[in-house]
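Please read the structure below before turning to the comments.
Naming: A, B, ... by sequence-line order, numbering from 1 per chain. Source: prediction; values computed, not measured.
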Protein chains: 2
Amino acid sequence: MSSLADHIEAYIKKMLRSSKTNSVELSRAQMADDFSCVPSQINYVLSTRFTLERGYIVESRRGGGGYIRVGRVEVTDCTSHAVRLLQSVGSELTEKQMDNILVHLKDHQVISLQELRLIRGIVQQEVSKIGQGKHVLRASLVRSLLFFIIESKS
Amino acid sequence: MSSLADHIEAYIKKMLRSSKTNSVELSRAQMADDFSCVPSQINYVLSTRFTLERGYIVESRRGGGGYIRVGRVEVTDCTSHAVRLLQSVGSELTEKQMDNILVHLKDHQVISLQELRLIRGIVQQEVSKIGQGKHVLRASLVRSLLFFIIESKS
DNA sequence: CCTCCTTTGACTATTACTGACCTTAGTTCA
DNA sequence: TGAACTAAGGTCAGTAATAGTCAAAGGAGG
């Protein structure tokens, strides 16, 4: 758990946490230099870890004075936010989609890391037991478990 | 007695005991090398000995910087009791069987009345959404929700 | 023998990282 | 004013580093 990408991810998240505005602006070249890597590594991190599904918004501009801005989606009410996310879960869910949603909720303090791990474990176990309809079962389980958490907390 | 798998199991458990965080991270290739076996042997040990029912959560990531993390979850008397109950039922569950289990667990103060109602509601909701495999889905959902409830309490 | 658990290895899947090449935007100067 | 230059960031495909799957072979106990 210590790839370069992880460190860059952690660094950006740390910057985000200490930002009042819920968004940070960074220079790709500068960043690449700081982490001694090629600039496109920054794009890799952004496109794998700071996606909309995970609750982040990335904007950028090229040319002189160019920049990359990373923002978090606004969450005023955790519960309604989670409910909306859940509704966006259709009748099927891939493992990656599930992960993105869980990370999204964890990063926005709707669920804890322990809860995330437990859900992943439970779903993994249940899904491995059946042959067909894995994506459908995953959607049901994730919806149900999240709904249960949210309901219990309110 | 004392197969290679047993040794690997014991080694991981030893690492877990001496870990402050109740979880250890290991490299599959490294491990296989240490025990002079093929990497998939590690998967065998993990999938037969470090299951959720036995109180372990296994997470992993492939690719560069990949890892396998084994974590412990508290297994209380309540957990094993409920798990046994569910195992006796198997992979399918009728509504009546489900109710019997839920009532039993409520009577023994493993879950509250509210939780009982919540589970029933969630399961009803989810099961009504699908055409086939209702009993299988019900079993999965009840198992998962109960496990989650009990784990979260400890 | 028969069965169950273990062990192996060939094949597959996923993730990280790099570098060459492309696009966009601002700046300068004939 | 627009061509050339400079200063960003973007894309994509290839390589390397891990882990996962599955079925077949092996072995110990009944």
Query raised in the report: Do A:Asp6 and A:Ser3 get their side chains close enough for a donor-acceptor pair, meaning under 3.5 Å?
Result: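 Yes.
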Closest to side chain of [X], choosing from [options]:
| X | options | answer |
| --- | --- | --- |
| A:Ala5 | C:dG26, D:dT11, C:dA16 | C:dA16 |
| B:Ile68 | D:dA19, C:dC5, C:dT18 | D:dA19 |
| A:Ser60 | D:dA19, C:dA16, D:dG9 | D:dG9 |
| A:Asp6 | C:dA16, C:dT7, C:dT18 | C:dA16 |
| B:Ser27 | D:dC12, D:dA19, C:dA16 | D:dA19 |
| B:Arg61 | C:dG19, C:dT15, C:dT7 | C:dT15 |

Query raised in the report: Under the criterion side-chain hydrogen bond (donor to acceptor under 3.5 Å, both in side chains), which of A:Arg54, A:Glu53, A:His81 is the partner of A:His104?
Result: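 Of all the options given, the one that passes is A:His81.
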Roughly, in whole Å, what's the span from [atom1] in [X] to [atom2] in [N]?
| X | N | atom1 | atom2 | value |
| --- | --- | --- | --- | --- |
| B:Leu4 | D:dG27 | CG | P | 14 Å |
| B:Arg28 | C:dT14 | CZ | C1' | 12 Å |
| A:Phe35 | C:dA16 | CZ | P | 15 Å |
| B:Arg69 | D:dT18 | CZ | C1' | 15 Å |
| A:Gln124 | D:dA19 | CD | C1' | 13 Å |
| B:Asn43 | D:dG20 | CG | C1' | 6 Å |
| A:Arg49 | C:dC17 | CZ | C1' | 12 Å |
| B:Tyr44 | C:dT7 | OH | C1' | 9 Å |

Query raised in the report: Quick one: are B:Leu141 and A:Leu141 in side-chain contact, heavy atoms under 4.5 Å?
Result: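 Yes - at least one pair of side-chain heavy atoms lies under 4.5 Å apart.
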Requested in this report: Hey, which sits more toward the 5' end of DNA chain C by its nearest nucleotide, A:Val45 or B:Cys37?
Outcome: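 Taking each residue's closest nucleotide, the earlier one in sequence belongs to B:Cys37.
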**Report entry** Which residue lies more 5' along DNA chain C, comparing B:Thr48 with B:Gly63 via nearest heavy atoms
**Finding:**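 The residue closer to the strand's 5' end, by nearest nucleotide, is B:Thr48.
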Requested in this report: Using a cut-off of 6.0 Å, state whether more than 12 heavy atoms not belonging to A:Phe148 lie near its atom CZ.
Outcome: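 Above 12, so yes.
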Requested in this report: Count the heavy atoms belonging to other residues, nucleotides or ligands that lie under 6.0 Å from CD of A:Glu95, then report whether that count exceeds 12.
Outcome: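 Check fails, neighbour count at 12 or below.
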Query raised in the report: Distance-only, no hydrogens or angles: does the B:Lys129 side chain make a donor-acceptor pair with backbone N or O of A:Ser140 under 3.5 Å?
Result: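 Not confirmed, B:Lys129 side chain does not pair with A:Ser140 backbone.
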Query raised in the report: Under 4.0 angstrom, heavy atoms only, what part of the nucleic acid is A:Ile42 near: base, sugar-phosphate, or nothing?
Result: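 The residue A:Ile42 makes no contact with any strand.
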Requested in this report: Have a look at A:Gly66 and say if it touches a base, only the backbone sugar-phosphate, or nothing, with a 4.0 Å heavy-atom cut-off.
Outcome: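 The answer is sugar-phosphate, as A:Gly66 gets under 4.0 Å only of primed atoms, P, OP1 or OP2.
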Query raised in the report: Donor-acceptor pair under 3.5 Å: do we get one between B:Arg62's side chain and the base of C:dA13?
Result: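 Yes.
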Query - N/O donor-acceptor pair, side chain B:Ser40 with base C:dG9, under 3.5 angstrom - result: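 A donor-acceptor contact between them is present.
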Query raised in the report: Does A:Lys96 have a side-chain nitrogen or oxygen under 4.0 Å from the phosphate oxygens OP1 or OP2 of C:dT15?
Result: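 True: A:Lys96 side-chain N/O within range (under 4.0 Å) of C:dT15 OP1/OP2.
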